[in-house]
Q: 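Can you read through this structure? Questions will come right after.
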Amino acid sequence: MSSLYNFVKRHRRKFVAGGVVVGGAVAAIALLDRHITKVREDERKKQLEIIRKRNHFDSTDSAVAASLKHYFAELKSRIAELHDTSQLKEALRQGPDKEEKIRLWNEMKNLCFGQAVSFIIAEAFLAVLIRVQLNILAGYLYSTATNNNEVDSRLTQKFQEAFLSLANYFVQDGFQEFTDIALLNVKSCVAFIQLQDEIGLDNVENIFSQIQDRILSDYPERNLVLNPGRFLLSSTQSIPSDMTGKERELYKEAISETLEIMESQEVLNLMTRACRRGFSLLIDKIAEPFLQEEEDLSNSDNDISSPQQSDESGTLPDVIQDFVSPCRIQIPLVKILPELSSVLDSEEGESDNSEEWLQCLLESPDLKTLGANVYESFSAVNNLNSNKKSSFSSAAWNFFQNLKLNQND
């Protein structure tokens with residue numbers, strides 16, 4: 001026993017040091033295990049949050065699609081109503097004198113081009129507006145529900161309906177003013193083109209390009225993109241009177257941030273690209289007269305050429321060598337007007353001519369990216385403190401920062 005005591009006494013420092021090392025190791029392992037558990041828990045919560053956010057965004061995207069389909073059809077009806085050519089056609093059937101006939105045809109020319117331009121530009125603007133507004137609202141609903149475990153008291157049904165009524169106002173009222181402005185630009189671009197002048201598809205494309213550039217860039221005070229508030233807000237109707245003070249404050253901020261995004265250079269660039277795509281689809285739609293003209297020319301050349309003629313040397317037959325691309329065909333402007341006039345029509349048994357443009361807007365990568373950026377920016381705001389007027393502004397600032405980062409990438 002004494003020998004064991006002496007052994008411990010002689011090596012007590014070693015035992016103390018060993019105990020410290022072992023104890024420290026045990027404590028370190030315990031701390032490491034706790035840290036790993038915490039990291040795993042945080043990662044699990046993060047993954048659940050990502051899934052929850054993705055599901056909420058997908059639901060918002062579905063709401064965007066449903067809303068756009070509804071308002072797309074309503075705006076299409078308004079376009080047809082404001083560009084109705086039935087009275088002009090009836091007047092032409094009455095056999096007017098030459099001067100009146102020319103006037104009627106010129107008026108129809110303006111309405112046909114105006115209808116096509118309004119259909120592309122106004123529908124694209126509506127698609128951007130709906131996607132921006134619904135993602136702003138969805139972002140804040142998600143943010144407040146996540147941080148406060150309840151929806152902010154100011155985000156009431158009444159507020160949401162008033163905020164989302166901008167699209168309805170544009171369709172019912174604002175579009176009328178846009179139509180007047182668009183027709184002025186149309187008249188200035190097609191005034192020097194006579195009905196009997198022969199033009200090709202490239203000429204038609206240039207006409208639409210000139211009209212688009214004027215509508216999207218000229219006269220900022222009456223420009224659909226540079227001053228959207230003129231077409232989205234009534235000059236006589238104020239904020240709904242049945243809103244509370246907090247709802248009014250939030251409504252003003254929401255409208256302000258919506259207009260700030262809609263007026264941005266990024267949205268202007270997006271609108272420009274979307275409209276170019278839309279006019280390309282439109283050119284494909286109105287190419288039928290040019291294809292018919294090319295077919296008539298080919299048939300005429302085929303009648304003249306001998307069907308037995310062949311070149312044993314291996315060169316192409318004359319009929320193939322004389323092929324003329326539809327892009328090089330020119331026909332009188334008056335032959336194109338029926339195609340422009342039928343842009344909104346659909347024949348029995350065929351899909352709606354406008355369906356392709358709607359699908360293009362719904363599936364546009366640019367518009368989807370815009371919606372994702374808006375949603376991400378506005379859902380990132382921690383709270384909607386009524387005493388902090390900068391809550392919406394900080395979300396808008398985040399939106400533009402995200403755009404810059406995406407552009408740098």
Side-chain angles (χ1 to χ4, degrees), residues 53 56-57 59-60 63-64 67 71 125-126 128-174 177 220-221 223-267 370-403:
K53 198 170 188 178
H56 189 252
F57 176 75
S59 298
T60 302
V64 168
S67 299
Y71 282 111
F125 175 81
L126 185 64
V128 174
L129 173 65
I130 290 175
R131 196 170 288 273
V132 166
Q133 279 204 289
L134 284 177
N135 279 285
I136 285 177
L137 185 59
Y140 269 104
L141 287 171
Y142 178 84
S143 177
T144 55
T146 301
N147 292 283
N148 304 327
N149 294 321
E150 61 180 5
V151 176
D152 190 276
S153 60
R154 296 178 297 169
L155 294 172
T156 61
Q157 186 69 24
K158 187 187 306 178
F159 161 80
Q160 295 180 41
E161 291 176 356
F163 176 57
L164 297 177
S165 66
L166 293 188
N168 186 66
Y169 178 84
F170 173 70
V171 172
Q172 300 300 328
D173 298 285
E177 184 171 2
E221 71 282 355
N223 189 291
L224 183 63
V225 177
L226 302 181
N227 186 21
R230 176 169 182 162
F231 307 91
L232 299 177
L233 301 172
S234 172
S235 58
T236 57
Q237 183 179 358
S238 58
I239 300 175
S241 58
D242 55 348
M243 278 189 174
T244 64
K246 291 183 178 180
E247 288 174 336
R248 286 168 175 262
E249 178 186 356
L250 184 62
Y251 178 79
K252 290 179 181 178
E253 293 176 4
I255 294 297
S256 175
E257 296 307 329
T258 299
L259 295 180
E260 184 175 347
I261 293 175
M262 295 296 294
E263 294 169 1
S264 66
Q265 184 64 41
E266 288 78 8
V267 169
L370 172 69
N373 285 334
V374 172
Y375 179 85
E376 184 64 29
S377 300
F378 281 80
S379 64
V381 177
N382 291 329
N383 57 69
L384 281 175
N385 189 337
S386 60
N387 295 323
K388 293 183 180 180
K389 192 175 181 181
S390 62
S391 58
F392 266 95
S393 300
S394 61
W397 185 84
N398 288 339
F399 166 73
F400 291 113
Q401 288 298 113
N402 287 340
L403 286 179

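Nothing fancy with the numbering, it's 1 onward along the sequence. Nothing here was measured: the structure is a model prediction, and the numbers come from that model.
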Q: Find the distance between CG (Leu126) and CG (Leu166) and round it off to the nearest 0.5 Å.
A: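 Rounded to the nearest 0.5 Å, the CG-CG separation comes out at 11.0 Å.
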Q: Does Phe231 form a ring-ring contact (aromatic ring centres under 6.0 Å, His included) with Phe170? I'd like the steps, not just the answer.
A: CA-CA 6 Å; Phe231 307 91; Phe170 173 70; 7.1 Å; no
Q: Please lay out, stage by stage, how Leu141 and Gln160 fare under the test side-chain contact (heavy atoms from CB on, under 4.5 Å).
A: CA-CA 10 Å; Leu141 287 171; Gln160 295 180 41; 4.1 Å; yes
Q: Is the shortest side-chain heavy-atom distance between Phe57 and Asn135 below 4.5 Å?
A: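 In contact.
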Q: So which atom in Tyr169 and which in Ser234 form the shortest heavy-atom distance, rounded to 0.1 Å?
A: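 Shortest heavy-atom contact: OH-CA, 3.3 Å.
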Q: Is Tyr142 close to Tyr375 at the side-chain level, that is, under 4.5 Å between some pair of heavy atoms?
A: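 SC-SC contact between Tyr375 and Tyr142 confirmed.
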Q: Kindly indicate whether the side chain of Val128, heavy atoms from C-beta on, has any atom under 4.5 Å from the side chain of Val225.
A: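 No, side chains not in contact.
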Q: Check whether any side-chain heavy atom of Glu253 lies under 4.5 Å from a side-chain heavy atom of Leu250, and answer yes or no.
A: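 Contact flag for Glu253/Leu250 side chains = yes.
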Q: When you look at NZ of Lys158, are more than 12 heavy atoms from neighbouring residues, nucleotides or ligands closer to it than 6.0 Å?
A: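 Yes, enclosed.
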Q: If we only count heavy atoms from C-beta on, is the Leu232 to Ile255 side-chain gap below 4.5 Å?
A: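 Of all side-chain heavy-atom pairs linking Ile255 with Leu232, none is under 4.5 Å.
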Q: So which atom in Gln133 and which in Ala167 form the shortest heavy-atom distance, rounded to 0.1 Å?
A: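 Looks like OE1-N, 4.2 Å.
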Q: Can you give me the closest heavy-atom contact between Ser143 and Ser379, atom names plus distance?
A: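 Scanning both residues, the minimum pair turns out to be CB-O, 3.4 Å.
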Q: I'd like to know if Arg230 pairs up with Glu221 as an ion pair, taking the criterion as any Lys NZ or Arg NE/NH1/NH2 lying under 4.0 Å from an Asp or Glu carboxylate oxygen.
A: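 Salt bridge between Arg230 and Glu221, a charged N being under 4.0 Å from a carboxylate O: no.
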Q: Between Thr258 and Phe163, is there a side-chain heavy-atom distance shorter than 4.5 Å?
A: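 Yes, side chains in contact.
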Q: State, with a plain yes or no, whether a side-chain heavy atom of Pro228 is found less than 4.5 Å away from one of Phe125.
A: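 Counting from C-beta outward, Pro228 and Phe125 do come under 4.5 Å.
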Q: Roughly how far, to the nearest 0.5 Å, is CD of Glu257 from CD1 of Ile136?
A: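 Answer for the CD1-CD pair, Ile136 versus Glu257, is 7.5 Å.
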Q: How long is the straight-line distance from CG of Leu224 back to CD of Glu177, given to the nearest 0.5 Å?
A: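 Answer for the CD-CG pair, Glu177 versus Leu224, is 10.0 Å.
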Q: Rounded to the nearest 0.5 Å, what's the gap from CG on Asp173 to CG on Leu233? Could you check?
A: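 These two atoms lie 11.5 Å from each other.
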Q: Is the shortest side-chain heavy-atom distance between Ser67 and Leu134 below 4.5 Å?
A: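 In contact.
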Q: Looking only at non-hydrogen atoms, find the nearest pair between Ser165 and Ala162 and report the distance.
A: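 Heavy-atom minimum between the residues: OG-O, 2.6 Å.
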